[in-house]
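Residue numbering restarts at 1 for every chain, and letters A, B, ... go by the order of the sequence lines. Every value quoted in this text rests on a predicted model; they were computed, and no experiment measured them.
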Amino acid sequence: MSDNILKEIDPRNQRAVRIAKMEKLRAEGIDPYPPRPGEGRVSIASVRRDWDKLKQQVDNEHKIVKSGGIVRLAGRITAIRTHGKSVFFTIADGTGTFQLYIRKNSVEENMPDDPAAFERVKELDIGDFITSEGELFTTRTGEATQLVHKWAIICKTLLPLPEKYHGLTDPDLRLRQRYLDLMANPDVKSNFLKRALIIRTIREYLQNEGYVELETPVLTPLYGGATARPFKTHHNTLNIDLYMRIATELYLKRLIVGGFERVFEMGKVFRNEGVDRDHNPEFTLLELYEAYADYNRMMELAEGIVIASARAVGRFVEEETESPHIVDSGDKGILLDFEGDRISIIPPFRRIAFIDAIKDASGIDITTSDRADLISFFEREDIEYDTEAPYWPLVDKLFSETVEPKLIEPTFVVDYPVALSPLAKRKPDNPDLTERFELFILEREIANAFTELNDPIDQRKRMENQIEQRKRGDKGAPDIIDEDFLTALEHGMPPTGGMGIGIGRLVTILCGVHALKDVIPFPLLKPLESGK
RNA sequence: GAGGGUGUAGCUCAGUCGGUAGAGCACCGGCCUUUUAAGCCGGUUGCCGAGGGUUCGAUUCCCUCCGCCCUCACCA
């Protein structure tokens, strides 16, 4: 660096140094942020794909591709190795990384109008974007490389990127500056690609089944369709309070009433609750409803959706990445290795009844037990529980504690008690149970589905029951009845099967990660205040 | 919310049994035309998370607070 501008800069301030370099470029008449710089460029992946063809043109004596093997690349500099009158760069575009070799004589021959072209190469920083044009060859050590004839800067970067060897490891920074995480940790990007792939696969799957995708309101005067506390907001000109939806259920059912027979929506819902490994306050929920269907049909669909997603991820892994997580993805399904657990995602999934599952796991028969039985079990097993809670929430707790941890392989838990299922139809042979199932994989609840309750009188009773629970202190229960929904039901909803699938949780399983935040690009974080 | 851990250079981390700090990478200068965690020579890093206390003296000990991580609890 021989320029006066740079001598006055505190070298500790890397940003100031880079700004000075940028201003120097401007002073020399070079735009550090030019428009349309990438004309005629090819992707790094395509160069690698065509490498064999390009190799045909290699002159074995000089190890250099003859003319015709000239390509134009564009990307971000991720590493620099200078050698005096030559420099090696590693650049990355969206498809991969590639090595550039810039030699003094080469650029001077090919850029005769720009005598400083090589000196300026040495002022490039890691993070800058450049285009390079030149011939392909293989280095002594066997790496595919471009010998650069011409180059140009297309974006000067002002802040340094994460350290090249250790990368970015601070878990908080990884989330707050996700763009750095994406550059430093390739798995992150591949997980997001898998997420996109799963979402696309599910859409295609449902569309092939004749489903129509519709959007229902996010801002609603009432909230319902799930048990959760909502976010509240306000519309200014109407001067009304509104809630962010906690589920799409009640609106999608209105569409079934109106005559749609197969509808789904895949979108964000918002629940004003805690944040942990399996919960984010906003998350993507798939809900689907099918007229003239029941929960057996929903099990079929659940299997179909999970298998299709697993296969898509399996193909992606084979084509694009290495992943020891996916052991085998054949025609039948897929075999996952999840921290030593071998999980085969192959239909038909196992089915167990809710009551039997609890009996097997705890010895308690919930059809004959009472609250005191549950409490003595919790005391005996040293399980903490809500001492205020009534019977059915404690049953739910018992299930979570004793059954869920055993649900590793895909398992349908079927026939839930009516008290835990306010929107599901009762079983004809046992009105205390409902035609409902939840699908569990790796201890996580993936899907919740039932034969929908379409008896408007029963539905009203159950909603009134929930209001009672609310009065008894269950803050998740709704505090007002959605009369508009009940009116819709009174106009007649055909027998219908419906299902909800938490997309994020499904993605975590198929990506082999534990936490939802690993598959959400920007999970909710507390804003930074003081300290850092 | 409870318990445990942690916070030192731009990044990853070491260290000070109390005397205001180091390494590698990055950065700056020099050498180097097939390197790839390039190499060699030289150089700059820092309110040692914030506030308070003890002390002649605190980055180190004590207290409070803040952030992050782990375990548990809460949360269809």
Side-chain angles (χ1 to χ4, degrees), chain A residues 1-2 6-7 9-18 20-21 63-64 78-90 97-108 118 122-123 125-127 137-143 145 147 159-176 180 184 225-229 246-247 269 271-281 283 285 382-386 389 393 396-397 399-400 404 416 420-423 436 438 444-448 474-477 500 502 505 514-515 525-532:
Chain A
M1 204 75 46
S2 53
L6 296 177
K7 280 182 184 159
I9 302 296
D10 180 355
R12 282 170 296 185
N13 188 338
Q14 294 188 36
R15 180 169 179 268
V17 169
R18 287 165 176 237
K21 286 178 178 175
K63 296 269 185 185
I64 280 180
T78 59
I80 300 175
R81 297 175 288 279
T82 62
H83 292 262
K85 294 185 180 62
S86 72
V87 184
F88 285 94
F89 289 95
T90 303
T97 64
F98 207 79
Q99 177 165 271
L100 308 183
Y101 181 46
I102 305 191
R103 227 157 54 176
K104 188 168 192 285
N105 64 339
S106 179
V107 292
E108 281 176 355
F118 186 74
K122 296 192 154 191
E123 291 179 9
D125 290 301
I126 289 173
F137 74 107
T138 305
T139 63
R140 205 176 275 161
T141 51
E143 178 158 350
T145 302
L147 174 60
L159 290 170
L161 299 184
E163 196 254 1
K164 69 180 169 188
Y165 186 55
H166 297 94
L168 183 67
T169 57
D170 181 326
D172 189 50
L173 276 185
R174 288 183 58 186
L175 299 178
R176 289 189 191 280
L180 295 180
T227 312
R229 282 185 284 168
I246 58 171
V269 299
R271 299 187 180 178
N272 207 338
E273 289 162 357
V275 182
D276 66 23
R277 171 188 308 204
D278 298 312
H279 297 85
N280 195 54
F283 64 98
L285 180 66
D382 206 20
I383 295 167
E384 288 187 51
Y385 62 96
D386 180 358
D396 209 20
K397 174 79 179 169
F399 179 82
S400 305
E404 277 186 24
Y416 279 63
L420 293 173
S421 314
L423 295 160
R436 174 187 175 192
E438 290 190 330
R444 291 172 178 78
E445 177 196 335
I446 299 301
N448 180 22
D474 183 351
K475 283 183 187 160
R505 288 186 186 172
H514 313 82
L525 300 170
K526 254 168 88 172
L528 292 176
E529 284 166 34
S530 57
K532 282 196 141 175

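Picking from B:A76, B:U35, B:U33 the nucleotide with the shortest atom distance to the side chain of A:Thr139 gives B:U35. Ranking B:U33, B:U35, B:A76 by closeness to the A:Arg271 side chain, first place goes to B:A76. Of the candidate nucleotides B:U33, B:A76, B:C28, B:C28 has the atom lying nearest to any side-chain atom of A:Val17. In this structure, of B:C28, B:U35, B:A76, it is B:A76 that holds the atom nearest to the side chain of A:Thr227. Closest contact between the side chain of A:Lys122 and the listed nucleotides B:U34, B:C32, B:A76 involves B:C32. Comparing B:U34, B:C32, B:U35 against the side chain of A:Arg103 picks out B:U34 as the nearest.
The nearest heavy atom of RNA chain B to A:Lys104 and to A:Thr90 marks one nucleotide each, and the one closer to the 5' end goes with A:Lys104. Comparing A:Ile383 and A:Gly225, the nucleotide of RNA chain B nearest to each residue sits closer to the 5' end for A:Ile383.
In this entry the distance linking CG of A:Asp278 with C1' of B:C74 reads 14 Å, nearest Å. The separation between A:Phe98 atom CZ and B:U35 atom C1' is 15 Å, rounded to whole Å. Protein atom CD of A:Glu445 is 6 Å distant from nucleotide atom C1' of B:A76, rounded to whole Å. The distance from atom CD of A:Glu123 to atom P of B:C28 is 9 Å, rounded to the nearest whole Å. Whole-Å rounding puts the A:Asp125 CG to B:C25 P distance at 17 Å. Here the P atom of nucleotide B:A26 and the CZ atom of A:Arg18 are 12 Å apart, to the nearest Å. Separating the CD1 atom of A:Ile80 from the P atom of B:C32 is a distance of 18 Å, rounded to the nearest angstrom. Between the CZ atom of A:Arg15 and the P atom of B:U44 there is a distance of 25 Å, given to the nearest Å.
Using Watson-Crick or G-U wobble geometry with both donor-acceptor distances under 3.5 Å, B:G1 finds its partner in B:C72. In this structure, B:C61 forms a base pair with B:G53, meeting either the Watson-Crick or the G-U wobble geometry with both donor-acceptor distances under 3.5 Å. Base pairing of B:C25 is made with B:G10, judged by Watson-Crick or G-U wobble geometry with both donor-acceptor distances under 3.5 Å. Applying the Watson-Crick and G-U wobble criteria (two distances, each under 3.5 Å), B:U35 pairs with nothing in any strand. Pairing partner, B:G46: none, since no Watson-Crick or wobble contact has both distances short of 3.5 Å.
With hydrogens and angles ignored, the 3.5 Å screen pairs no side-chain donor or acceptor of A:Arg444 with any backbone N or O of A:Arg505. A donor-acceptor distance shorter than 3.5 angstrom exists from the side chain of A:Ser400 to the backbone of A:Asp396, with no hydrogens or angles considered. Of the possible donor and acceptor atoms, none in the side chain of A:Thr138 sits under 3.5 Å from a partner among the backbone N and O of A:Gly142.
Between the C1' atoms of B:C25 and B:G67, the separation comes to 25 Å (whole Å). Rounded to a whole angstrom, the distance from the P atom of B:C62 to that of B:U6 is 12 Å. Taking atom P in both B:C32 and B:U45, one finds a spacing of 28 Å when rounded to whole Å. The separation of B:U33 from B:C70, taken at their P atoms, amounts to 50 Å, rounded to a whole angstrom. Separating the C1' atom of B:C11 from that of B:C27 is a span of 12 Å, rounded to the nearest Å. Rounded to the nearest Å, the gap between the C1' atom of B:U20 and that of B:C65 is 24 Å. Comparing the same atom, C1', in B:G19 and in B:G10 gives a spacing of 29 Å after rounding to whole Å. Using atom C1' as the reference point in both B:C48 and B:U16, the two lie 10 Å apart (nearest Å).
On a pure distance criterion of 3.5 Å, a polar donor-acceptor pair joins the side chain of A:Gln99 and the base of B:U35. Donor-acceptor pairing under 3.5 Å, judged by distance alone, is present between the side chain of A:Arg81 and the base of B:U35.
A:Asn272 comes within contact range of no nucleotide atom at all, as no heavy-atom separation falls under 4.0 Å. As judged by a 4.0 angstrom heavy-atom cut-off over every strand, A:Glu438 is placed among residues making no nucleic acid contact. Within the nucleic acid shown, A:Asp396 has no heavy atom closer than 4.0 Å to any nucleic acid atom. Residue A:Thr82 is in base contact, counting any heavy-atom pair closer than 4.0 Å across all strands shown.
A close approach under 4.0 Å does not occur between any side-chain nitrogen or oxygen of A:Lys397 and OP1 or OP2 of B:C75.
Using a 4.5 Å heavy-atom threshold, the side chains of A:Lys21 and A:Asp125 count as touching. Inter-residue side-chain proximity for A:Leu180 and A:Leu161 is flagged as met; some heavy-atom pair is nearer than 4.5 Å. Between A:Phe89 and A:Gln99 the shortest side-chain heavy-atom distance does not fall below 4.5 Å.
In this view, A:Arg436 and A:Glu438 satisfy the salt bridge (Lys or Arg N to Asp or Glu O under 4.0 Å) rule, not counting sequence neighbours.
Using the six-membered ring where Trp is involved, A:Phe88 and A:His83 have ring planes that are perpendicular, over 60° apart on the 30 and 60° scheme.
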